[in-house]
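These notes are about the structure you will find just below.
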Number of protein chains: 2
Amino acid sequence: MMNLYAIILAGGKGTRFWPKSLPERPKQLLPILSEQTMLEETISRVSPCIPPERVIVVTSQDLVPEVTPLVNPQTTVLAEPLGRNSAPAIAFATAYLLAVNPDAVMAVLPADHYIAQPKPFLSALQIAAATASRDNMLVTFGIPPTRPETGYGYIQVGETIDIQNGVTVAKADQFHEKPDLQTAHSFLRHGNFRWNSGMFVWSVATIAQAFEIYLPEMYALMRELSTAIHTKDEPAAILHFFQAVESISIDYGIMEKAQNVAVVSGDFHWDDVGSWASLERVYEKDAHGNVRHGDCHTLDVKRSVLYADQGQIAAIGISDLIVVRTDDITLVCPKDRAQDVKRLLENIEKESENEN
Amino acid sequence: MMNLYAIILAGGKGTRFWPKSLPERPKQLLPILSEQTMLEETISRVSPCIPPERVIVVTSQDLVPEVTPLVNPQTTVLAEPLGRNSAPAIAFATAYLLAVNPDAVMAVLPADHYIAQPKPFLSALQIAAATASRDNMLVTFGIPPTRPETGYGYIQVGETIDIQNGVTVAKADQFHEKPDLQTAHSFLRHGNFRWNSGMFVWSVATIAQAFEIYLPEMYALMRELSTAIHTKDEPAAILHFFQAVESISIDYGIMEKAQNVAVVSGDFHWDDVGSWASLERVYEKDAHGNVRHGDCHTLDVKRSVLYADQGQIAAIGISDLIVVRTDDITLVCPKDRAQDVKRLLENIEKESENEN
């Protein structure tokens, strides 16, 4: 499809892979799963359908020097002067496309997701793009859940719209925030729930209309910004947009409210790789269920994530533990406490403030 | 006492503090407990009684370049060309003293022990030295046990010989090897058992006689070596001694068999600091029972040993764990598995042999 653009959301701060990730080197700019950074992987995954000149990377201004060398010179990098969540980031890209190609279809893809099977993903992407351009729908990718995950949002699917090559397109009935474990179990049993992957496909016209209905102030700012694209006023207009715009997620601002949402059910082993613990879902494991990266030596170690970026890790008699070693920090944390890295970092910041 | 010499045993390999300790930097040459190395601490602890010219350090030839800068130029360093356990090390020092001062009294002190209260230790040392020089006894320091420790040998004490300044000198009834936990509990309850500290005091004449009785071959080699001390034949004689001598501990070779063994019960908070786990007995702990050394950040961490030699340790939600970070290795290990570091090192050696 000649009008299909990839909008790569690469603005995340990503403390969840600390100490490897840092504000100046967030997850999407790290080679966590392979030799390539996750941003490069995301772009090369869609490259059979979307050439570099139709890739738009939305990132924070601070990260532009890191992002630019990773992308093709023909790729557009849109720099956010302020971080304002996903709806403004998408509005920024929409404003840009309203100016340069208002007939475009946008595949909105976070830069830090793992997809094990690129081919089924590309099939699903093409079906989603066809649905988006034909039916005036906001299309989202729903992943059939394989475990009672409490870290993801869910989408309940309703009537089937279409089935192509084994890929089902259905109406979205309802969005659900991250559930508790019991609810997650019930979603898993129910069968009609999908993980909300945060990947979307829609035409510029359809998403612009949704902004107009559900986020009218943001829509007005977006239109204003659009008229300044590729003019001398562009930098000032971008700054004004981000200073004035509401910080809100696309899910909360639009997807949960819109009536024209379709779900493409994609079974391509997707993972948002949200923490060190999630590596065990995407890495090959040793005979004892351990993820090993770098120089690791073990004795009676089970179901642990060992990640040595520098030097060696030597572990004895531990289970279900995360051990990460970078050149200046060692993190040790049970897998089920991985989300608390953020709290520890806040403590460390407070400590260093108190010292100063 | 003008004839009291300190014989500092500093030949240990010490893998138990790996990765901080290495063959070329064993525990006694590390500043584990303070700014000083344990060898320096051992020497300075006895310095009020024993001046540098009456200190003899017995160490392995490989460690001489490390040891020499740590000791006073007047101190004698005896280099073992081969490691042959404690009886030969002590016989070497005895041979030396037979040549230079056969009237000497020897305080044999391992270079890697912790003593919290140097003053009571020095009192006990003087009482031991007096007993040794007066009564033709092999005097050993027995530590009143404070827990059912299975990592130490025990000495059962018999009739009291003397009490001076609250320090009891008693006959040794029997030596016991490291007990199982149940036996250790019964020793603790019994009250007449002492930890075998591996620190001894005896006159040159008394220990020479004991060698003659219990290790006659070693005695003959020791006499032969003694005649070569301070002659041009000394280096060859030392090498010959170590090539010919049996590798045996002083406990097994002499102490367990001798009838003239006295025990000085010393209550000066002694610890052999045998592993990372033992640091919690000799370091001050934080409010959650953690030992912290270097730059450590914690969240819900309990009863753990965190030792950062370089960089930082960040730990979340762990208990009873050892985490050590050096500039090239991170060790993670439950406290009760600390003794398995040796096994892990053997595995690593095998792996690297297989690779070559």
Side-chain angles (χ1 to χ4, degrees), chain A residues 15-20 22 275-277 290 294-302 304-352 355, chain B residues 15-20 22 275-277 290 294-302 304-352 355:
Chain A
T15 53
R16 289 182 296 179
F17 276 88
W18 183 87
K20 190 170 167 69
L22 296 166
S275 73
W276 289 113
N290 301 305
D295 200 355
C296 303
H297 306 280
T298 56
L299 184 66
D300 300 335
V301 173
K302 289 172 198 152
S304 292
V305 174
L306 308 174
Y307 196 103
D309 226 22
Q310 173 271 342
Q312 298 172 39
I313 293 172
I316 298 172
I318 57 171
S319 304
D320 300 298
L321 213 60
I322 296 164
V323 181
V324 179
R325 186 189 155 94
T326 67
D327 55 1
D328 62 346
I329 293 165
T330 290
L331 169 69
V332 183
C333 170
K335 288 191 307 198
D336 59 7
R337 295 292 300 271
Q339 74 285 1
D340 286 330
V341 166
K342 208 169 170 178
R343 266 180 66 204
L344 182 71
L345 286 183
E346 287 163 5
N347 290 356
I348 294 175
E349 265 172 40
K350 270 182 228 157
E351 279 170 34
S352 72
E355 280 166 18
Chain B
T15 54
R16 290 183 296 179
F17 277 87
W18 183 87
K20 192 171 166 66
L22 295 167
S275 73
W276 289 114
N290 301 305
D295 199 356
C296 302
H297 305 281
T298 55
L299 183 67
D300 300 336
V301 172
K302 289 172 196 150
S304 292
V305 175
L306 308 174
Y307 196 103
D309 227 22
Q310 173 271 342
Q312 299 172 40
I313 293 172
I316 298 172
I318 57 171
S319 303
D320 300 298
L321 213 62
I322 296 164
V323 181
V324 180
R325 186 189 156 93
T326 67
D327 56 0
D328 63 345
I329 292 165
T330 290
L331 169 69
V332 182
C333 170
K335 288 190 307 200
D336 59 7
R337 297 290 302 272
Q339 73 286 1
D340 286 329
V341 166
K342 209 170 168 178
R343 266 180 65 204
L344 182 71
L345 286 183
E346 287 163 5
N347 289 356
I348 294 175
E349 265 172 40
K350 270 182 228 157
E351 278 169 34
S352 71
E355 279 166 19

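All values below come from the heavy atoms of this structure, side chains included, with hydrogens, waters and symmetry mates left out. Quantities reported herein were computed from a predicted structural model and do not represent experimental measurements.
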With chain B, which of A/I322, A/V324, A/T326, A/V301 has the greatest number of heavy-atom pairs at distances under 4.5 Å?
->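 Between A/I322, A/V324, A/T326, A/V301, the count favours A/T326.
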Contacts of type side chain to side chain contact (heavy atoms under 4.5 Å, CB included), residue B/D295, not counting sequence neighbours =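 Side chain to side chain contact (heavy atoms under 4.5 Å, CB included) check on B/D295 returns B/H297, B/Q312.
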Heavy-atom pairs under 4.5 Å with chain A, option from [options] with the top count:
options: B/Q310, B/R343, B/R325; answer: B/R325
options: B/D327, B/N347, B/L321; answer: B/D327
options: B/A338, B/A314, B/G311, B/C296; answer: B/A314
options: B/I318, B/V323, B/I348; answer: B/I348

To the closest 0.5 Å, what do you measure between [atom1] ([X]) and [atom2] ([Y])?
X: B/S275; Y: B/K335; atom1: OG; atom2: NZ; value: 10.5 Å
X: A/K302; Y: A/D300; atom1: NZ; atom2: CG; value: 6.5 Å
X: B/I316; Y: A/L344; atom1: CD1; atom2: CG; value: 4.5 Å

Check the pair A/W18, A/I329 against side-chain contact (heavy atoms from CB on, under 4.5 Å), reporting the backbone distance first and the verdict last.
-> CA-CA 9 Å; A/W18 183 87; A/I329 293 165; 3.6 Å; yes
Proximity breakdown for B/D340 and chain A, heavy-atom pairs closer than 4.5 Å |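 For B/D340, heavy atoms of backbone and side chain both lie under 4.5 Å from chain A.
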Given B/W276 and B/K20, is the side-chain contact (heavy atoms from CB on, under 4.5 Å) satisfied, shown in steps?
-> CA-CA 10 Å; B/W276 289 114; B/K20 192 171 166 66; 3.6 Å; yes
Between A/L345 and chain B, which part of the residue has a heavy atom less than 4.5 Å away: side chain, backbone, both or neither?
->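 Neither part.
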Heavy-atom distances under 4.5 Å only: say whether A/V341 touches chain B with side chain, backbone, both or neither.
->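 Contact with chain B is through both the backbone and side chain of A/V341.
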